Each structure stands twice: as structure tokens, then as C-alpha cells.
**Q** 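For reference, the structure I am asking about is given below.
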Amino acid sequence: GQQLNQSPQSMFIQEGEDVSMNCTSSSIFNTWLWYKQDPGEGPVLLIALYKAGELTSNGRLTAQFGITRKDSFLNISASIPSDVGIYFCAGHNSGSRLTFGEGTQLTVNP
Amino acid sequence: GAVVSQHPSRVICKSGTSVKIECRSLDFQATTMFWYRQFPKKSLMLMATSNEGSKATYEQGVEKDKFLINHASLTLSTLTVTSAHPEDSSFYICSAQTGGGNQPQHFGDGTRLSIL
């Protein structure tokens, strides 16, 4: 089946640092979505990308849909302790079924 | 907007019990709802896709007689884990989508199911 390769698997950073994570695929995706999941809760949508090359911001978060439609990155600037959680990329390549990455566990040290 | 409510948030029950989990879209009509299972420190694993008024489509390896899905209205889907056993213990999450296709899925807060 389809796979999204998400990296890094985990990150340990100091408060105030910038963070970058990305997802790649061997297949073309029509949309890229970035979600954040806190422990014991469901994922929350952060950013949705619909066009190749699209660059979208949501506060301190910025995400881009790669030109080849096979990759996307998420940047978090000036990290704060509440940024802690698991970040998932996800994409549609046909129909409504989402393919998820394996997640990036982010730890922010105060 | 796009709020999805999932209930209950936690269930602990004896082996052999059937457990029903509800998923409701509170402020939008969900043409499609999805049910996922998530193991600790793992990604979400799609179990089934359901469209209102239609039979659910199950992913390979998911027993449809074990995990009964009903999507009777545009705002409610239920997942019933029948005759649950300890190996069914997991975190179950629903999501809802309006408009189909490439529209984002919005997730509920999950149900932690523990079978003793």
C-alpha cells in the first residue's frame, strides 16, 4: 500500500528553537495535511495543503506542498513547551482515504 | 468549526462484553466517517470507511462481524466491538469528513478501550 516516510522520528529541542520535519513518498499526493496529537487525544488539523508548491502558515507553523507532489515539510518557529506532542503528516492520493506518516515525537525542554 | 465528539472517552469492561462507541459531528454534516485504531507510539491504522446510509468498507484484515459500524445519519456513526477480548484493547479514533474527496478529516478525541 501507500506509504509516507516521515522524519525525524523524534526530536528533543530547547524552548525557542525552530523545528523542521518532513514527509516523502514515492507516489504523488493530491493533498498534504499536518496534524498534531496530544497524549490520549485525537489528532488536530494544523495545516492543509492543496496545490503543488503551496506555502501556508498558521501562526508559528509553516508548511509547504512540494513541487513534485511527493513531499511536504512542516516548520515550527520559536518553539514553546505546549508544542510538545506527536506530529503526523497525511495525504490523499485518491478518494477520501488518508495515508499517514509514522509521526514525529517532539519534546521541548523549557 | 468542524468539531467531532467521540463518546465514551474511556471504557473498561470484562472479556465477552460488547462495547459501543459513538462518533458525532457537532457543527457539520459528515458524508463520510472513518474509524481508526492506534497502538502505543504508532500511527493511525484505518479500520473502515462509512458513508451515511451505506454499508461500511472495511480494510483488509479487519473483521466486519467483530467491528460493527453503523452510519445512520449525517452526524452520527457508531462502532460496536462485539464480544471484546483483551487483544481488542486499544485506542479507537473516529474522524469525519464533509464533501468527500480531498477534504480534511476532523478527528474525535478517541476512546481508550481496556478489556479485562
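Just so you know, these numbers come straight off a predicted model, no measurement behind them. Letters A, B, ... mirror the listed sequences (proteins, then strands); counts begin at 1. Side chains are part of it too, since the values below use all heavy atoms of this structure and drop only hydrogens, waters and symmetry mates.
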**Q** Linking I/L/V/M/F/W/Y whenever their side-chain heavy atoms sit closer than 4.5 Å, directly or via other members, would Met47(B) and Val11(B) fall into one cluster?
**A** yes

**Q** For chain B against chain A, print all donor and acceptor atom pairs separated by less than 3.5 Å.
**A**
| from | atom 1 | to | atom 2 | distance (Å) |
| --- | --- | --- | --- | --- |
| Gln38(B) | OE1 | Gln37(A) | NE2 | 2.8 |
| Gln38(B) | NE2 | Gln37(A) | OE1 | 2.9 |
| Ser43(B) | OG | Gly101(A) | O | 2.7 |
| Glu59(B) | OE1 | Arg97(A) | NE | 3.3 |
| Glu59(B) | OE1 | Arg97(A) | NH2 | 2.5 |
| Glu59(B) | OE2 | Arg97(A) | NE | 3.4 |
| Gln105(B) | N | Tyr35(A) | OH | 3.3 |
| Gln105(B) | O | Tyr35(A) | OH | 2.6 |
| Gln105(B) | NE2 | Ser96(A) | O | 3.2 |

**Q** Mind listing the closest non-hydrogen atom pair of Leu33(A) and Pro104(B) along with its distance?
**A** CD1-CA, 4.0 Å

**Q** Determine, using the 4.5 Å side-chain heavy-atom cutoff (strictly less than), whether Met33(B) and Phe28(B) are members of one ILVMFWY cluster.
**A** no

**Q** Would you say Phe34(B) and Phe67(B) are hydrophobically clustered, going by side-chain heavy atoms of ILVMFWY under 4.5 Å?
**A** no

**Q** Please enumerate all residues that pass salt bridge (Lys or Arg N to Asp or Glu O under 4.0 Å) together with Lys20(B), with sequence neighbours excluded.
**A** none

**Q** Testing the basics here: between Gly42(A) and Ile93(B), what is the closest heavy-atom pair and its distance to 0.1 Å?
**A** CA-CG2, 4.4 Å

**Q** Sequence neighbours left out, what passes side chain to side chain contact (heavy atoms under 4.5 Å, CB included) with Pro39(A)? Give chain and number order.
**A** none

**Q** What about Leu68(B) and Ile21(B), same hydrophobic cluster or not, with Ile/Leu/Val/Met/Phe/Trp/Tyr joined at side-chain heavy-atom distances under 4.5 Å?
**A** no

**Q** If you link I, L, V, M, F, W and Y whenever their side-chain heavy atoms are under 4.5 Å apart, who else ends up in the same group as Val44(A)?
**A** none

**Q** With a 4.5 angstrom heavy-atom cut-off, is it the side chain or the backbone of Leu45(A) that approaches chain B, or both, or neither?
**A** side chain

